[in-house]
Amino acid sequence: MRVSWSYFITSVFTLIFLFLLARFIYRDPLKREYIAKPFYIAMHFFHKNSLQTNLAATQPGLQAPTFADVTRYRYHHGTNLGSVFVLERWMTEHMFPLSAAGQGTSELTAVSAWVVLEGDQDARERFEKHWREYVSDADLDWLRDVSRCTTVRVPIGYFTLGPKFCEGTPFKGVASVYQNAWQAVMDLVKRCNDRGMGVLIDLHALPGGANTGEHSGTNSGKAELWGSKANLDLATKCVCFIAQQTRTMEGVAGIQIINEAESHAKGMYEWYDRVLLELSHIDNTIPIYVSDGWNLNHALGWSQPKNNMRTQPTFNPVVVDTHLYWCFSDADKAKSPQQIVYEVHSTLSELDGKDGSVNDRGAAQVHVGEYSCVLSEETWAKRRDTPKAQLVSNFGVAQSQRYQRRACGSTFWSYRMDWTGGEWGFRPMNEQHAIGIPLSLALPAAELRNRINQAQTQRDFRKGNTVKSHVGYWDKNYPGQPYEHWRFEQGWEVGFADAAGFLGMRGQRGWEGGDKIGMLDLWVLKRLRESGQAAAVFAWEWEAGLRQGVRDFYECVGV
């Protein structure tokens with residue numbers, strides 16, 4: 001076969017051109033990634049001018065954040081609702097009849113006294129009225145509109161779940177009072193959800209008591225949950241019941257399976273393991289909150305393997321609940337208010353070196369389930385000439401700032417009680433400006449819309465600079481690796497779009513303010529699993545991109 005000289009020369013020049021083009025591309029890693037991923041380029045141009053990226057189209061397996069996602073994963077700014085379903089005399093004296101004077105301070109004391117005094121039916125009606133009316137619609141409106149709460153923590157007891165859960169417990173004789181209690185909880189969740197507030201259902205009182213306090217439902221002074229198979233089995237049934245009931249219930253931010261577990265409780269983590277395994281078969285999507293047992297560092301070490309993107313089975317996202325008070329211990333009583341305010345700035349340091357890299361360590365997420373502005377009289381005696389009101393405000397604001405920076409949320413103790421509450425009261429502390437509202441929640445909806453639109457105009461410029469910086473850093477400082485920098489860019493786009501989706505969700509429903517991603521470690525874990533990136537060798541690049549996309553969006557918006 002004869003080959004013409006012109007064909008031969010054309011072929012040679014074509015090969016030379018392709019060789020030079022390949023060298024040019026190879027020397028520029030960013031171009032190399034683009035050329036290697038033509039489909040990705042097409043997707044990039046498809047949504048380059050859209051702030052609300054169609055994630056399902058660009059990255060299979062991903063959908064834009066839903067309102068349920070926001071309810072669960074935003075920063076939880078809120079309060080405990082108060083002495084509603086688990087009575088404490090110091091908070092709700094009116095629910096204790098005079099005949100119960102000197103008999104105790106717990107839920108069991110109150111309900112037993114009313115049953116003796118009025119009979120089962122009248123006692124039930126009394127309690128149902130309390131559950132229904134003690135937190136009014138006006139209260140919930142104030143929480144949403146003035147304090148800008150996103151989430152309320154609602155303590156309940158095992159007895160709240162109904163008479164069958166009272167069998168074989170100290171509440172057996174008064175079980176009929178609670179036949180409609182769980183319905184009252186569900187009604188409250190709906191009332192909160194209608195206002196855009198999520199509810200953390202807190203199983204505060206467990207069978208036998210997870211601690212010795214009255215908030216375990218009795219005045220036994222014993223923590224008999226631990227070491228009792230019957231109590232632990234019933235507690236597990238309680239948690240599973242709540243999970244089954246809330247699978248399709250809108251407005252549930254999470255389930256807290258235990259409150260203030262006794263320090264060094266025997267078998268605590270083994271019970272946590274058992275409950276998580278049970279829940280993984282019911283609904284492994286709802287966040288589960290566990291007590292740190294007064295040892296946050298150890299609890300985080302236990303939780304991170306559960307929050308690992310490669311762990312099988314896939315457990316529920318786990319949040320560690322910690323409570324921070326500076327008014328009880330002798331060590332804190334020896335400090336001045338100024339010392340305590342200074343100390344607040346370094347609290348939650350247990351997270352250092354644990355959060356921030358799901359790929360390497362698993363997700364580490366902490367929620368401050370209880371805090372207050374209360375200090376002891378011994379501490380106040382050391383305030384010198386500084387006015388107490390000023391120090392209360394400084395203390396509360398310092399806590400707000402620290403928790404917003406390092407925790408995934410915080411719920412003040414507490415809101416509803418018979419008296420104003422003083423430094424225990426969420427409302428008076430808001431009125432005293434001792435609780436800092438997150439900036440994103442304080443902004444009017446119209447202002448947020450403008451800022452989001454402005455962020456859109458900066459998106460491509462930000463992304464270009466960020467990707468270029470990432471590629472340049474790794475290829476220059478750690479050359480010779482088969483990086484997949486396209487994963488970083490994909491992650492960045494997801495992070496930017498997710499942050500925008502969270503921030504704009506409230507405005508879409510007619511509410512003021514905007515939500516930030518508060519449970520970022522767990523959100524990253526969720527996105528890694530959904531995207532299929534978890535199995536990739538360079539999943540860390542995708543995670544780094546997502547985190548940077550979130551940061552860049554918030555910088556653009558200024559929150």
Side-chain angles (χ1 to χ4, degrees), residues 71 78-88 91-92 94-96 106-115 118-144 149 151-167 169 171-172 174-195 197-207 215-217 237-257 259 286 411 414-418:
T71 299
T79 182
N80 286 268
L81 209 49
S83 185
V84 182
F85 297 102
V86 180
L87 297 179
E88 297 181 45
M91 299 177 74
T92 44
H94 82 278
M95 287 299 290
F96 290 77
S106 65
E107 173 92 13
L108 183 61
T109 299
V111 68
S112 298
W114 285 118
V115 167
E118 301 179 327
D120 288 5
Q121 182 173 337
D122 286 351
R124 184 177 70 248
E125 291 177 358
R126 176 181 294 277
F127 273 69
E128 287 177 357
K129 184 176 188 295
H130 177 72
W131 301 331
R132 185 174 59 251
E133 298 179 2
Y134 195 54
V135 177
S136 67
D137 286 343
D139 285 322
L140 296 180
D141 289 343
W142 183 89
L143 289 171
R144 178 195 62 192
C149 279
T151 312
V152 292
R153 182 173 181 252
V154 178
I156 67 171
Y158 64 92
F159 40 84
T160 313
L161 304 180
K164 71 177 182 179
F165 293 96
C166 298
E167 291 298 317
T169 78
F171 284 83
K172 180 180 179 179
V174 294
S176 63
V177 172
Y178 297 98
Q179 66 184 41
N180 297 317
W182 176 245
Q183 183 60 52
V185 174
M186 293 192 291
D187 291 344
L188 179 58
V189 171
K190 184 180 185 304
R191 290 167 61 204
C192 290
N193 184 61
D194 288 344
R195 293 165 171 80
M197 293 187 296
V199 171
L200 173 58
I201 298 176
D202 164 32
L203 192 52
H204 210 74
L206 285 163
H215 45 251
S216 285
K237 290 177 183 177
C238 290
V239 175
C240 290
F241 173 82
I242 296 171
Q244 290 163 346
Q245 290 283 302
T246 58
R247 285 181 65 181
T248 58
M249 189 188 301
E250 295 181 344
V252 178
I255 301 170
Q256 182 163 344
I257 67 173
N259 171 70
I286 186 76
T411 45
S414 187
Y415 178 66
R416 195 67 175 89
M417 55 189 82
D418 286 355

Notebook entry, point to check: How about Phe241 and Phe165: are their ring centroids closer than 6.0 Å?
Noted result: yes
Next item on the list: Only counting residues at least two apart or in another chain, list the ones meeting salt bridge (charged side-chain N to carboxylate O under 4.0 Å, His left out) with Arg132.
Entry: none
Next item on the list: Could you tell me which residues satisfy salt bridge (charged side-chain N to carboxylate O under 4.0 Å, His left out) with Lys190, sequence neighbours excluded, listed by chain and number?
Entry: Asp194
Between [X] and [Y], is there a donor-acceptor pair closer than 3.5 Å when you use the side chain of the first and the backbone of the second?
| X | Y | value |
| --- | --- | --- |
| Arg195 | Arg191 | yes |
| Trp114 | Arg124 | no |
| Thr92 | His94 | no |
| Ser136 | Glu133 | no |
| Ser83 | Glu88 | yes |

Note to self: Taking the basic N atoms (NZ, or NE/NH1/NH2) and the acidic carboxylate oxygens, is any pair closer than 4.0 Å for Lys129 and Glu125?
What the structure shows: no
Item checked: Considering all heavy atoms, the nearest Ile286-Val252 contact -> CD1-O, 3.7 Å
Next item on the list: Show your working on side chain to side chain contact (heavy atoms under 4.5 Å, CB included) between Val135 and Leu140 and close with a plain yes or no.
Entry: CA-CA 7 Å; Val135 177; Leu140 296 180; 3.8 Å; yes
Check: Does atom CD of Gln179 have more than 12 heavy-atom neighbours, drawn from other residues, nucleotides or ligands, at distances under 6.0 Å?
Finding: yes
Next item on the list: Determine whether Leu87 and His130 make a side-chain contact, defined as any pair of heavy atoms from C-beta on separated by less than 4.5 Å.
Entry: yes
Got a list of side-chain donor-acceptor pairs under 3.5 Å for residues 153-160, not counting sequence neighbours?
{"unit_1": "Arg153", "atom_1": "NE", "unit_2": "Gln256", "atom_2": "OE1", "d": "3.1"}
{"unit_1": "Arg153", "atom_1": "NH1", "unit_2": "Asn80", "atom_2": "OD1", "d": "2.7"}
{"unit_1": "Arg153", "atom_1": "NH1", "unit_2": "Glu370", "atom_2": "OE2", "d": "3.1"}
{"unit_1": "Arg153", "atom_1": "NH2", "unit_2": "Asp202", "atom_2": "OD2", "d": "3.2"}
{"unit_1": "Arg153", "atom_1": "NH2", "unit_2": "Gln256", "atom_2": "OE1", "d": "3.4"}
{"unit_1": "Arg153", "atom_1": "NH2", "unit_2": "Asn259", "atom_2": "OD1", "d": "2.9"}
{"unit_1": "Thr160", "atom_1": "OG1", "unit_2": "Gly157", "atom_2": "N", "d": "2.9"}
{"unit_1": "Thr160", "atom_1": "OG1", "unit_2": "Gly157", "atom_2": "O", "d": "3.1"}

